[in-house]
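Order of the sequence lines fixes the chain letters, A, B, ..., with proteins taken first and strands second; residue numbering starts at 1 for each chain.
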Amino acid sequence: MADDKKLTRRDEDFAAWYNEVVLRSELADYSPVKGSMVIRPWGYGIWENMQRALDDMFKETGHENAYFPLLIPMSFIEREKEHIEGFAPELAVVTQAGGKVLEEPYVIRPTSETIIYSMYAKWVQSYRDLPVLMNQWANVVRWEMRTRLFLRTSEFLWQEGHTAHATAEEAEEETLLILGIYRKFMEDWIGMPPITGLKSESEKFAGAVRSYCCEALMQDNKALQAGTSHFLGQNFAKQFDLKFQTEAGEEEYAWNTSWGVSTRLVGGMVMTHGDDDGLVVPPRLAPVQVVIVPILRGDETGPLRDKVDEVAARLKAAGVRVKIDARENLSPGAKYYEWERKGVPFRLEIGPRDLESGQVALARRLTPEGEKRKLFLPEGQAIAELPARLESFQTELKLAALARREANTVRGVKSVDALQEAFDGGAGFVYTGWNGDAAVEETIKERMKATIRALPGEEFRSGETPDTCVSGNGSSVAEVAWARAY
RNA sequence: CGGGGCGUGGCGCAGUCCGGUAGCGCACCUGCUUUGGGAGCAGGGGGUCCCCGGUUCGAAUCCGGGCGCCCCGACCA
């Protein structure tokens with residue numbers, strides 16, 4: 001292939017490295033439309049595996065999938081005040097169709113709260129109709145000024161859950177249930193352990209009462225908002241007349257939640273595990289978990305091919321996603337580089353020597369410290385061990401990411417100068433006290449480009465609760481985690 | 001919207017300052033030899049030099065105008 005150059009190193013230019021990895025591992029490519037990308041089979045395969053895992057978890061917790069239209073009447077979006085203020089600048093609007101100017105313009109959905117709750121209003125009459133627990137897998141469009149592959153594109157794929165409940169407590173519970181699902185998914189599938197918590201007023205979703213979030217730390221120590229779960233209160237219910245009759249016969253507005261994760265998670269995966277050789281895909285997400293490269297020599301290739309087919313079949317029977325790379329126009333070495341760049345967790349090499357000795361060469365995408373890159377194992381053993389090796393590889397990735405997050409977290413910072421010092425020293429998350437004043441956020445954002453990523457949930461908070469605000473003004477009402485963010 | 005960079009076979013680039021009729025590497029096609037970390041040799045195909053206009057005997061190159069994309073910042077999942 002044409003692609004035989006080394007990647008930019010992460011420590012040289014992280015942004016350049018990221019772009020090269022995405023393009024050269026064939027996750028995605030730039031499209032003819034500015035700011036939007038084509039997700040190629042390797043990237044889409046990873047997304048499909050993400051979808052499957054999440055979808056299972058949503059369904060296990062009682063949610064159903066549905067589909068709502070791409071186009072939303074402009075007046076719907078305008079109904080909720082904060083919502084329109086938040087989204088107006090980035091809307092793409094359809095003003096013409098069928099050769100005529102439309103009476104009312106349609107907005108290409110930037111998110112679907114408005115159209116979905118307008119429909120729920122039609123379907124809900126009684127408390128017996130609640131809760132409504134729906135999710136949709138869809139594309140949305142937000143016309144961002146500056147885009148980045150997977151992290152911020154004009155159009156992206158996501159899931160958006162929208163629920164309606166009879167009580168605020170139940171809706172709040174739902175919001176936290178989903179936050180927990182997101183966290184578990186990020187930890188156990190992506191191996192990207194986030195901190196979770198509440199957004200500050202200035203960072204919350206436009207139209208929400210409260211936004212909860214997952215914030216993950218990338219290798220450049222910038223935080224990535226990886227998922228959000230919003231408690232919407234009755235804001236949308238009131239605007240869309242989503243009412244129900246209670247058991248006592250009274251009329252009441254429903255309580256809503258909405259929550260989403262997007263193809264941004266693919267970008268998070270890249271920046272969490274990728275290295276200077278390219279992508280590293282966690283086994284549970286890898287479209288190909290084991291690639292087999294036959295070493296063909298001379299004309300006696302028949303028995304070798306049979307052996308490769310047999311090994312592949314046995315791995316497949318053991319539940320391993322396996323691919324045979326039998327291309328004849330590439331040397332084995334070229335294939336090694338290609339699959340390593342694409343992040344396939346394990347590679348088996350089977351050649352004439354192995355055929356005789358009954359062994360195979362197993363190469364790991366990440367070689368443990370002090371070990372050789374390739375292991376020569378008896379064929380049967382290699383096959384038998386691979387499922388467990390995949391699982392432990394998955395776990396190692398998570399633990400490494402967790403260790404990195406903790407190693408780059410600074411706690412107990414008590415002044416703005418010390419906060420600045422922490423970021424100058426390359427910190428990721430920095431925990432401080434906060435008096436709840438948005439002006440403090442503004443000042444710090446201005447000065448060091450860091451924002452409050454979350455008011456962390458209990459298990460992420462420091463052992464010692466800060467009592468004063470980082471600004472020096474007043475006492476702290478909540479511990480907060482600051483970071484520079486994507 | 002500000003700052004920077006770039007538009008030349010599929011990809012990456014040289015050539016532009018100093019005008020002379022387009023070149024290199026990779027990829028691709030054919031053949032032979034190869035294949036355990038990016039194969040070698042030989043032959044071959046492929047280009048409106050982003051667009052429009054101007055200067056000139058002659059423009060990838062000079063002049064004027066336009067368009068597009070990428071990167072960095074302000075805005076955001």
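- Across all strands shown, B:rA59 forms no Watson-Crick or G-U wobble pair with both distances under 3.5 Å.
- Nucleotides B:rA59 and B:rG54 place their C1' atoms 11 Å apart, quoted to the nearest Å.
- The aromatic rings of A:F58 and A:Y182 sit perpendicular, their planes meeting at an angle over 60°, well past the 30° parallel limit.
- Comparing the C1' positions of B:rG68 and B:rU8 gives a spacing of 16 Å, expressed to the nearest Å.
- By the 30° and 60° cut-offs, the orientation of the rings of A:H230 relative to A:F205 is parallel.
- The local environment of OH in A:Y336 is crowded, with over 12 non-hydrogen atoms from other residues, nucleotides or ligands closer than 6.0 Å.
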Protein N or O to nucleotides 68-70 of chain B N or O, pairs below 3.5 Å:
residue, atom, partner, partner atom, Å
B:rC70, O3', A:Y30, OH, 3.4

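- Side-chain atoms of A:K374 come within donor-acceptor range of the base of B:rG37, with a qualifying N/O pair under 3.5 Å.
- For the C1' atoms, the distance from B:rA27 to B:rG12 is 11 Å, rounded to whole Å.
- Pairs engaging residues 277-287 of chain A under the salt bridge (Lys or Arg N to Asp or Glu O under 4.0 Å) rule: A:R284-A:E391 [sequence neighbours left out].
- B:rU61 and B:rG65 are spaced 16 Å apart, taking the P atom of each and rounding to whole Å.
- Nucleotide B:rG12 forms a Watson-Crick or G-U wobble pair with B:rC24, both donor-acceptor distances falling under 3.5 Å.
- If you check B:rC6 for Watson-Crick or wobble pairing at under 3.5 angstrom, you find it paired to B:rG68.
- Taking every heavy atom of both residues into account, A:L455 and A:K199 meet most closely at CD1-C, 4.4 Å.
- Stacking of A:Y337 onto the six-membered ring of B:rG38 is present: less than 5.5 angstrom between centres, less than 30° between planes.
- Within a 6.0 Å sphere centred on CD of A:E421, heavy atoms belonging to other residues, nucleotides or ligands number 12 at most.
- Here A:N329 does not reach the OP1 or OP2 of B:rC29: none of its side-chain N or O atoms lies under 4.0 Å away.
- A donor-acceptor contact under 3.5 Å is formed by the side chain of A:E340 with the base of B:rG37.
- With a 3.5 Å ceiling on both atom-pair distances, B:rC75 lacks any Watson-Crick or G-U wobble partner.
- In this structure, A:R353 does not pair ionically with A:E356, as no charged nitrogen and carboxylate oxygen lie closer than 4.0 Å.
- Under the 4.0 Å criterion applied to side-chain N and carboxylate O atoms, A:E340 and A:R365 are not assigned as salt-bridge partners.
- Between A:D56 and A:R52 there is no salt bridge, since no side-chain N of the basic residue sits under 4.0 Å from a carboxylate O of the acidic one.
- Pair check for B:rC32 finds B:rG40; Watson-Crick or G-U wobble, both atom distances under 3.5 Å.
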Table of protein N/O atoms under 3.5 Å from nucleotides 75-77 of chain B N/O atoms:
residue, atom, partner, partner atom, Å
B:rC76, O2', A:E144, OE2, 2.8
B:rC76, O2, A:R152, NE, 2.1
B:rC76, O2, A:R152, NH2, 3.0
B:rC76, N3, A:R152, NE, 3.1
B:rC76, N3, A:R152, NH2, 2.5
B:rA77, O3', A:Q225, NE2, 2.7
B:rA77, O3', A:R264, NH1, 3.3
B:rA77, O2', A:R264, NE, 3.0
B:rA77, O2', A:R264, NH1, 2.0
B:rA77, O2', A:R264, NH2, 2.6
B:rA77, N6, A:T153, N, 2.9
B:rA77, N6, A:T153, O, 2.4
B:rA77, N3, A:S262, OG, 3.4

